[in-house]
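Note sheet for the following structure.
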Amino acid sequence: MVTMAPPVTGPDVPPPAPRRTAALLSHLGWEAILFVLVAIAALVVGVQSDGEAFGHGMWMSLATIGLLAGGFAFSLRTGNPNLAVGALAALAGVVYAKLAQQGWPGLLAGVTAVVIVVLFSLILGVLVGLTSAPAWAVSLGGLAVAQSVALGLADSRGLPLPDGPHAEWAVWAWAALFVLGTLAGGAAFLSAGVRRAFTVTRPDGEVPRFQAKRLLGAVLGFAGSGLLAAVSGIALAGQLGGAFATTGDRMLIAVAVVVLGGVSVYTYRGGVAGTLLATALLVLVNFALNLADAPSWLAFTLPAGVAIMIGVAVGWVLDKIAGPELPAQGTAGPQVP
């Protein structure tokens, strides 16, 4: 007598394997589209300004917004979205300007401001890692604390730097740091092994519990994003010749850049140059609208909101093409390229 095994159904069916080649090609395709849009936007700005817009101000905007977006991208790629990066950047700028006003050398004041912000970010990361609380929720508390301290130090006013704006060479240094850093980070996180080392998925309804990998990812994500946010804040203070406690729309722009650049809010996957290209696109769009005398809500806030909605949809499509982020533990079978 031959006994037939019952068909495999329901939860016993192995999930489809991730399609890594398809994931890479889909992200490269989206980045190619962004590149074309950047070229068109650059052409429009060049015609509007007779080429005069491509100077110090544009490159500094690219650097400061890009560094802030890089911080948020780093936190999102580790599965710990840090919504406090805008406030952390403002806090770093205020601390830097405050110390400079008290006679501290510029380098020492900047390093001290970065250390303070990174230490505070580490506290947030440890809290997320130990409790497994959602990173966005903890970071909102961090946002409120950082914003309050910055307002207290600045006394609701701007703090001018004693020596005025930074030298022009600093613009190129900040811009190079952003470009090289975002490309290196994007390339590193292409590896599923790197993502697996720091990202922990939690099934729906699971009771939060401590996981060492969750702690490591949270600490790394918050510390790294805090570091880049602090550098962005110091760079902005140097550009303006002073620091201000308000974050304005910079946090909104940073989120828009990262999501539009192709980093998924579902699986935290992204490409290599998406953040760089999306930063350039939104900066150019802002310049084009300002040159056309558009109101501030149209030149800055509205494009960011539209970019976030488009980016969420793009990330969903890219995830559909790429398949699941990681195969379930214990499943066997060939990996489909």
Side-chain angles (χ1 to χ4, degrees), residues 59-96 110-125 128 135-136 138-139 142-143 146-147 150 166 170-189 194 198 217-239 243 247-261 263 268 270 272-280 282-283:
W59 282 100
M60 202 63 205
S61 295
L62 181 73
T64 55
I65 293 175
L67 286 168
L68 189 64
F72 181 71
F74 188 80
S75 70
L76 188 60
R77 286 179 183 270
T78 61
N80 297 279
N82 182 4
L83 299 180
V85 290
L88 293 174
L91 176 60
V94 166
V95 170
Y96 166 62
V111 170
T112 302
V114 169
V115 170
I116 289 173
V117 169
V118 170
L119 288 176
F120 178 61
S121 300
L122 283 172
I123 294 173
L124 299 178
V128 170
W136 63 265
V138 174
S139 67
L143 183 156
Q147 186 75 72
H166 289 170
V171 175
W172 310 114
W174 295 127
L177 178 62
F178 159 58
V179 172
L180 297 177
T182 191
L183 292 176
F189 276 95
V194 172
F198 303 113
V219 168
L220 180 67
F222 273 87
S225 61
L227 172 64
L228 291 172
V231 172
S232 172
I234 293 171
L236 181 63
Q239 175 196 13
T247 60
D249 298 319
R250 283 166 51 79
M251 179 64 219
L252 179 63
I253 294 292
V255 174
V257 162
V258 174
V259 178
L260 183 64
V263 180
Y268 313 130
V272 177
T275 299
L276 171 62
L277 293 169
T279 302
L282 289 185
V283 168

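The first residue of the sequence shown is numbered 1, and numbering continues consecutively from there. Because the structure is a prediction, the values reported are computed rather than measured.
Residues satisfying the side-chain contact (heavy atoms from CB on, under 4.5 Å) criterion with A84, sequence neighbours excluded, are N82, L88, S139, L143.
Contact between M251 and L83 at its shortest, heavy atoms only, is SD-O, 3.6 Å. In this structure, V85 and G71 approach most closely via the heavy-atom pair CG1-C, 4.4 Å. In plain terms, the two heavy atoms of G226 and V118 that are nearest each other are C-CG2, 4.5 Å. In this structure, L124 and V138 approach most closely via the heavy-atom pair O-CG1, 3.9 Å. A243 and G93 make their closest contact through CB-O, 3.1 Å (heavy atoms, listed as atom of the first residue, atom of the second, distance). What you find for G110 and I234 is that their closest heavy atoms are O-CD1, 3.4 Å.
Counting only distance, with no hydrogens or angles, the side chain of S121 and the backbone of V117 share a donor-acceptor pair below 3.5 Å. No donor-acceptor pair under 3.5 Å is formed between the side chain of T182 and the backbone N or O of F178. The backbone N or O of T64 lies less than 3.5 Å from a partner atom in the side chain of S232, making a donor-acceptor pair.
In this structure the side chain of V114 never reaches within 4.5 angstrom of the side chain of V111, judged on heavy atoms. Using a 4.5 Å heavy-atom threshold, the side chains of W174 and W59 count as separate. At a threshold of 4.5 Å between non-hydrogen side-chain atoms, the residues F72 and L228 do not count as touching. Within the 4.5 Å cutoff, the side chain of I65 has no heavy atoms near those of the L282 side chain. A heavy-atom distance below 4.5 Å is not found between the side chains of R250 and I253.
The OH atom of Y268 sits 7.5 Å away from atom CG of N80, with the distance rounded to the nearest 0.5 Å. For the atom pair CG (L276) and OG1 (T279), the distance works out to 6.5 Å, reported to the nearest 0.5 Å. A distance of 9.0 Å separates CG in L67 from CG in L62, rounded to the nearest 0.5 Å. We find the CD1-CG distance between I116 and L119 to be 8.0 Å, quoted to the nearest 0.5 Å.
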Side chain to side chain contact (heavy atoms under 4.5 Å, CB included) between T78 and F222, worked out: CA-CA 9 Å; T78 61; F222 273 87; over 6 Å; no
